[in-house]
2 protein chains.
Amino acid sequence: MIPTIEWHGPNVRMIDQRKLPARIEWYTCRGYRDVIRGIGDMVIRGAPAIGVAAAMGLALGARSISAGTYAVFSGKFGKIANEMFLARPTAVNLRWAIDRMSGLVASMADSPVEDIKAALFEESEKILIEDIEINRRLGKSGARLVPDGATILTHCNAGSLATGGYGTALGVIRAAHEAGRNIAVIADETRPWLQGLRLTAFELMEDSIPVTVIADNAAGSLMRQKKIDLVITGADRIAANGDVANKIGTYQVAVLARENKIPFYVAAPISTIDGTIKNGDLIPVEQRGPEEISRFGGREMGPSGVSVLNPAFDVTPAKYVSAIITEKGIIKSPYRKAIRGLLDL
Amino acid sequence: MIPTIEWHGPNVRMIDQRKLPARIEWYTCRGYRDVIRGIGDMVIRGAPAIGVAAAMGLALGARSISAGTYAVFSGKFGKIANEMFLARPTAVNLRWAIDRMSGLVASMADSPVEDIKAALFEESEKILIEDIEINRRLGKSGARLVPDGATILTHCNAGSLATGGYGTALGVIRAAHEAGRNIAVIADETRPWLQGLRLTAFELMEDSIPVTVIADNAAGSLMRQKKIDLVITGADRIAANGDVANKIGTYQVAVLARENKIPFYVAAPISTIDGTIKNGDLIPVEQRGPEEISRFGGREMGPSGVSVLNPAFDVTPAKYVSAIITEKGIIKSPYRKAIRGLLDL
């Protein structure tokens, strides 16, 4: 599996996910603004991957700061962190990574600026490696929810490409596959950006896990025909009450799963849980441009001047979520208490 | 509004809906096989429009028959009718039109062949004109379900282009608009064929009815945010118990509507009701090619060799349907009884 993001000499480089799977192309970031642009334009996407990219971007930004004193450095670093924070609004892992990097800076007020820069670089590498480890633990913990012979529906891409590596929802699927279970995956194509068709199918085919792509419109019908045994998705932010913000369409899948008595699982690292947000309706939902919907392969498909609404995420109330799979185990309703417990661990 | 299909000299011509809205191009049928191909390739689509096209196609086919006797003519006509029947499997209006045209042939066993050919031509024109009248009556009958200020979600295209003219679901919307009600429409883009983006938005913009296109994935979230007041769709076949086969994704919309306490209405002429089929699960659902999902603008978007499942329709159980709007009034649950009553009218 190709890496999602890595240090490459003095630069950060990411696989350009806009081009996949037709072309495997690197997007090279020479400065932190390239990273911000990469996140905003969805060169890299997926909540955990955005967190890793933000950390690397801050390390890159830190290097470019010329400052003789900690005060000057810290002020300039804070400005970069603020810019990074605005790259995309919904995934909380962005804030989580910024907080962690900023915390490191704050803890080194007595160190020479060059040492702080080096520590930030190391921290960004650590966040990447940890993310992969977390996904492996999460995958192992979730795999027991996947019975032998199961057909699993997933929405969007919560795979290796959405994380430092291995994946969250696809991490659980990979772990079940590695445990020798005979499974098959149905991937929603996931309009408008086609993460399911372009990324999830690509990843699973590379791993020889059987995968079939459907239009998002077909998921409910397959559930009604009992052709899906369980659903696993990732998350962009989980509120303190267990409400889940994730790729647009997730809410629909969750409602349809409950209607058809199919378990709906969310797989996410603890860094995706936002204990400061009471419920899902308070999570900011990014609105993206109309051309993601109206243009296909550079060609306008709709009538000229058509009005389009393109929310990138939706909120699934906790009552539809059968369980949340994290690297520290599986939690179930009542979520408020379970999440408090997890965050205190 | 451009006509969906019409006689043009000795030929039948249809607007090529694969090209809309970018190009308004006629597809000319010189023989009945051109009509079959036009239906199969979705040059023309929508259950009532398929019925009209089949009738015209049979009239066209009848003309080409060389037969000295009724027996020879009738035998050859039967063969053409059988071919026509296979053009697409789900919309029952195809069978309805074939039955009507075949009934006419059977009733003229004592007439000269040339008279039968002329009668078939006239019958096909009558079916077209009737279809538009039926839609206007249906629209008027349904408009009272659309309150002033309502935002209406529709799925696929059940408009002028799906019928002889005026439309079923869009007929109701047009009638409400003509009655002076201030309404707005949200159109699901309707993957994979994009009938919502390409056809529904186009039709409504021509009529200056406010319309906004969304990815199919966003419908549920908008319902949960109380941004949709009611849903109206068309139908491809309605079983004797009120189950509705319609464009893939309709079932999901219906479940989400009920979950969010929003009425879900189906608008269809009585020719769409199949009294011979007990329930929706017995309706044949067409599977279409994978390229409708994996290719965009002629370019393969998924990984090479990706497996795709592409059912064109789904079945919405009657329990999710708040009412069925027909040209003979609105029926509600219990549907079996109401449908029996309608068919006996």
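Lettering follows sequence order; numbering is per chain, from 1. Note that these values count all heavy atoms, side chains included, but never hydrogens, waters or copies made by symmetry.
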Check your understanding: Pick from A/Met205, A/Met223, A/Glu292: which one has the most heavy-atom pairs with chain B under 4.5 Å?
Key -> A/Met205
**Study point:** Any donor-acceptor N or O pair under 3.5 Å, side chains B/Glu259, A/Tyr251
**Key:** no
Point to revise | Part of A/Ser304 lying under 4.5 Å from any heavy atom of chain B | key: backbone
Check your understanding: Top residue by heavy-atom pair count (under 4.5 Å) with chain A, among B/Glu189, B/Gln225, B/Arg198, B/Arg299?
Key -> B/Glu189
Point to revise | Between A/Val285, A/Asp314, A/Leu256, the one whose heavy-atom pairs under 4.5 Å with chain B are most numerous | key: A/Leu256
**Study point:** Portion of A/Ala219 that has a non-hydrogen atom of chain B nearer than 4.5 angstrom
**Key:** both
Exercise for review: Could you look at B/Pro317 and say if it's the side chain, the backbone, both or neither that has a heavy atom under 4.5 Å from chain A?
Suggested key: side chain
Review point. How close do A/Gly302 and B/Pro21 get, heavy atom to heavy atom, and via which atoms?
Key: C-CG, 3.4 Å
Check your understanding: Is chain A contacted by the side chain of B/Met301, its backbone, both, or neither, given a heavy-atom distance below 4.5 Å?
Key -> both
Check your understanding: Looking at A/Thr190, A/Asn310, A/Asp281, which one has more heavy-atom pairs under 4.5 Å with chain B than the rest?
Key -> A/Asp281
Review point. Which residue out of A/Pro303, A/Gly249, A/Gly220 racks up the most heavy-atom pairs below 4.5 Å with chain B?
Key: A/Pro303
Point to revise | Greatest number of heavy atom pairs closer than 4.5 Å to chain B - which of A/Gly305, A/Ala201, A/Gly196 | key: A/Ala201
Check your understanding: Are any non-hydrogen side-chain atoms of B/Arg224 and A/Val315 less than 4.5 angstrom apart?
Key -> yes
Exercise for review: Verify side-chain contact (heavy atoms from CB on, under 4.5 Å) between A/Leu222 and B/Leu309, making sure each step is shown before the conclusion.
Suggested key: CA-CA 10 Å; A/Leu222 291 180; B/Leu309 198 64; 3.9 Å; yes
Exercise for review: Ignoring hydrogens and angles, tell me if any N or O in the side chain of A/Asn217 forms a donor-acceptor pair with the backbone of B/Arg191 under 3.5 Å.
Suggested key: yes
Review point. Taking side chain as C-beta onward, heavy atoms only, is B/Phe296 less than 4.5 Å from A/Leu194?
Key: yes
Exercise for review: Please confirm whether the backbone N or O of B/Ser221 pairs with a side-chain atom of A/Gln252, one donor and one acceptor, at under 3.5 Å?
Suggested key: no
Review point. Where do B/Ala215 and A/Ile293 come nearest, in terms of heavy atoms and distance?
Key: N-CD1, 3.5 Å
Study note, to complete from the structure: The interface call for B/Val306 against chain A, heavy-atom contacts under 4.5 Å, is both
Check your understanding: Given side chains that start at C-beta, do those of A/Val308 and B/Ile214 come closer than 4.5 Å, heavy atoms only?
Key -> no
